[in-house]
Each structure stands twice: as C-alpha cells, then as structure tokens.
Amino acid sequence: MKTTAVISYLFTAVTAFAAALSAQPATSSVAPVGATLVLKAGQPGPVINPNIYGQFAEHLGHCIYGGIWVGENSPIPNTRGIRSDVVAALRELHIPNVRWPGGCFADEYHWRDGIGPREQRPRMINTTWGGVVEDNSFGTHEFMDFCEQIGTRPYVCGNVGSGSVREMMEWVEYLTSGADSPLANLRRKNGRDQPWKVSLMAIGNESWGCGGNMRPEYYADVFRRYNTFVKNYPGNDIYRVAGGSSGDDMNWTNVLMAMAGKQMNGLSLHYYTLPTRDWKKKGSATEFDEAAWFATLRHTLRMDELVTQHAAIMDKYDPEKRVGLVVDEWGDWYDVEPGTNPGFLYQQNTLRDAIVAGLNLHIFQKHADRVFGANIAQMVNVLQSMILTDGPKMTVTPTYWVFEMYKVHQGATSLPIELTTPDYVLGEGKIPAVSAAASRDTAGKVHLSLVNTDPNRSIAVTCQLEGVVAKAVTGRVLTATDMNAHNTFDAPNAVQPVPFTGATLANSTLTVALPAKSVVVLEL
Ligand code: AHR
C-alpha cells in the first residue's frame, strides 16, 4: 500500500471507530487502543460441540425447589409443577444437556426415593447443602419432564459414593429399557410407557472429595466396575463420563487415563473462579472494586492453562482424542448474598460474570478438539446462574445473555483466528484485553464473538477477513456503565444486549469499536 493510501485507510478506520463509539453507551473516558485479528475462514477447524453450552441443576438451595419445581398446586404458573416462566427463558438458550441431580448431592441420592406417588416418597436430609429435608418430590419423572419442556438432553450423574452397582444398573434399566422387564414395567406403572433416551451419564461426582474421598487408583477400579453394569439398552447409547480432577490435580487425570482411559468416553474437570482464591472469604458478587474485577478475570483465564495441561496428559494415552474432556462444573463462586442460607450458594450476577462466561466459552471452543462438553454451575439461583427467582418473581442474569448471544456457535465449525491484543494492565498485573472466537454455521453465516476485559478502555479491533466474502455485518453488545451492573426483580432489564452499531466493513476489513467491559457477537 502506498503511504497516501495507508493514511487514507487509517483515517477512514479511525473516523469509523470514533463514529461507532459515539453510537454506543458511553462507558469509557480513556483514549481507545487497538487490536488486530486475522479470521482464517478458509481453514476451518473442528465442529464446536453444542455440549460446551451444557448446564447443571443440583438439589441445592433454590435451584430445583422454587427455581424449577413449584408443584402442581402452586399459584405460580406451571406445567405439571415446573414453572412456566423459567421454562420459557431456558428454551431460548437451546441448552444441549442438563446435568442432574448433583454435584455432591448425586452421591447421596437414591433414585428409588424419587419415583411413584409423591406423597408416599421417603424424605431424606440433604447433608451437603444446608441440612434441609429433601422430600423427593422432584425425581426422575419430573426431571425428564423438565428436560422435555426445555428441549434438552439429560446428563444423569449416578451415585457411586453411597450407592451400589445394582442401584445404578437398575436406574439405567428403569430409564432406558423398552423391554418387558421388572424395572421398565415399574416405570410404566409410574406413568411413562416409552423409555427415555439418556445419552450422557457421569459415574459419580468428585470422588476425590464429597463423592467418597477416594484415591485415583481406587476410583479408577470403582469406575471400571460401575461402568461395566451401565448397560446400553436397544436404541440408547450412553457416553460414560468418569469423575475427573479438581483444578490442577494432574495426577488424578494421569492415573485415570492410565488405568481406565480405555473404558471411558469422557473424563471430567471441575474448576471454579474465586476472586480471592480463598474459600473462606471469596468476595462479594456485587460489592467489588477494580482489583477484584481484575483478579476474577485473571483467575478465570487459568481455565485455558488447566484445559491445556489436562489435555496434554490425555494426549499421552489417547492421541486420537477419543476421550472427551468434560468440564462439567465451572463458573464464578462468591460469598453468598448477605442474609441468605450459607448452604444455598445464592449469589447475584453482574456484568463481571458475563465477561467470565464469554472468556470461558471462548476457551472451550479454542480446545474444541478435546473438550466434549462443559456445564456451568448452576442453572437457577445457585452460583453463576442463568436465572434468579424469588417466589413468583424472576429475572435473567447477564450470564444468561451471554449464553443466548453465543448460541450461534453451537454445532458450528470453529474458524481459527490470529489475535494480537493489547493488555489490560492493573498495577503489576496484566491480562489480554481482547478475547475472540469465530465459527461458521451450517447456513454459511460467520459469527465472531469478542470480549473486552478492560473496564476503562474501548478497543479498536481491526479484523482481516480471509476466506470469507462478507457483504454485511450486524451484531449485539452486552455492556453497562458500571462493572457491577446487574438485573434485579425491580429492574430486570438493566443489563441486556442491544443492537451493536460499532462494526463497519470495508472490503475484507472489519473494524470493530469494542466498548470497554463488553461482550459483542457479530454476524457476517
Ligand atoms: O456446584 C456446587 C458444588 O461444587 C457441587 O455440588 C460439587 O460437585 C462442587 O464441589
């Protein structure tokens, strides 16, 4: 390019950027900086497994009771006891699977207590989560009904810690057998003629901790034994997920892959983001300063290192990448909201959580060759939830909106990108300011999602488009003036996506004026 052409190009880009910025909410007073991105649409990568957008619903606090299940006689509108407002909101997300009934609860759950007439179901104490009495009114049939109502697949977590091989074996028969057999007939007696499809099953949860405090060598054998009796009945093939490591326990992954890698389809990984990394004082969900914002994002980006390291171990035993990494618990974990039951893990959800969601989903997509699925914890009223409820009131969270905006990536082909980003610097620390992911859907549309972690600076992202002829660009942005902006029952739309006018196309160059602390999804 000649000098005059370069100057003219730069002038056009800067003018477009300035014009675009003025059209968006004023979130920054600091001078903009630039990032560059090359989108290699001509070199498609692996398909993004929709399971990366999985969710998790545990018998914990008000996730199930109050959040999903209100009972048939509730004044809250419901279908067969399942609240209609929550179902309507969740349907919009195209959720691929829901993991249930735990978590730690799964290893004390006995499925036979949750079938048959509700008034006759035995009660139990939920010893892990608040010591409350569980009346088992939400059991197998209710969960399967919920899955059908929101249009998702069940991901059932079986009890290894306090259950038995027989119990798990019979649950699978009850759920999936179409034979004239005792368990299938018991299911029929309880109102369900046709077997359900259960294509995902976890064999225990956190067996190194609440699931039995086992050593990896011992659990590897336990997994092999239980897994032997999880049968595939005609028409139902189960993807078996072995309980994996927590965070950076690489030895667990190593031992499991060495001793049971051949028997499993997937191996799980759990990693939670705590602003302080101190389980005794994690930090508030809403009352935080920029240092806590920065620390949260820095700690969440560790997911990339963890997935890389666990995947490298898996590569040693499984170079063909047959075994999927299933990050079936992830998300932000803060101190509970003041005045709420500490065992219920109820926390608000702000723009910070939306940024965390965007970053993690990009990480999973980047590792689409190994990551089979992921389940954010949790769906309603617990940890980094999609939805908050209070009696009949309901609001969706900023995290919900990221899942709604990103659903275009589900099942699409990932497209490689080369990103050069400035850093977001705070004190001595720095993290990349921009994170991005791209994909092409089956209709040929290219989607580019972008996250700006910097709460102070807008960023001009200049994207070179290779292998795609883009005629138009549209998009949506999720941002707010305050870092801790969140939705409440009185102001449920304080944080929600709006049309994005900050992207311009000129030949094969896309210029994006990425507002400070924002998530943007563009369609080309
Ligand atoms: O999601 C909350 C809890 O975190 C789960 O029950 C457990 O598996 C994990 O430790």
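From a predicted model like this one, the values you see are computed outputs, not experimental measurements. Atoms within each ligand, like the ligands themselves, are counted from 1 in listed order. One-based numbering along the sequence shown. Values below: all heavy atoms of this structure, side chains included; hydrogens, waters and symmetry mates excluded.
Residues satisfying the side chain to side chain donor-acceptor pair (under 3.5 Å) test with Tyr65, not counting sequence neighbours, are Glu134.
Checked by distance only, ligand 1 and Phe105 stay at 3.5 Å or farther apart across all their nitrogen or oxygen atoms.
Between Trp279 and Trp333, the two ring planes are perpendicular [angle over 60°; tilted spans 30° to 60°].
A cation-pi contact, defined as under 6.0 Å to the ring centre and within 45° of the axis, links Arg352 to Phe288.
Contacts between Phe56 and ligand 1 below 4.0 angstrom, taking non-hydrogen atoms only, involve the side chain exclusively. Contact annotation: for Trp330 versus ligand 1, there are no heavy atoms closer than 4.0 Å. Of all the heavy atoms of Thr128, none lies under 4.0 Å from any atom of ligand 1, so neither backbone nor side chain is involved.
Near Asn205, meaning under 4.0 Å from any of its heavy atoms, are these atoms of ligand 1: 8 (O). Close approach of ligand 1 to Leu383 is summarised as follows: ligand atoms under 4.0 Å from at least one heavy atom of the residue are 1 (O), 2 (C).
Between Lys321 and Asp369 a salt bridge is recorded (basic side-chain N to carboxylate O distance below 4.0 Å).
With respect to atom 1 (O) of ligand 1, the closest heavy atom belonging to the protein is Tyr272 OH, 2.7 Å.
Each of Ile387, Ile64, Val98 was scored for a side chain to side chain contact (heavy atoms under 4.5 Å, CB included) with Met379, with one residue passing: Val98.
Applying the disulfide bond (SG atoms under 2.5 Å apart) test to every pair with at least one member in residues 90-151, sequence neighbours left out, gives these pairs: Cys104-Cys210.
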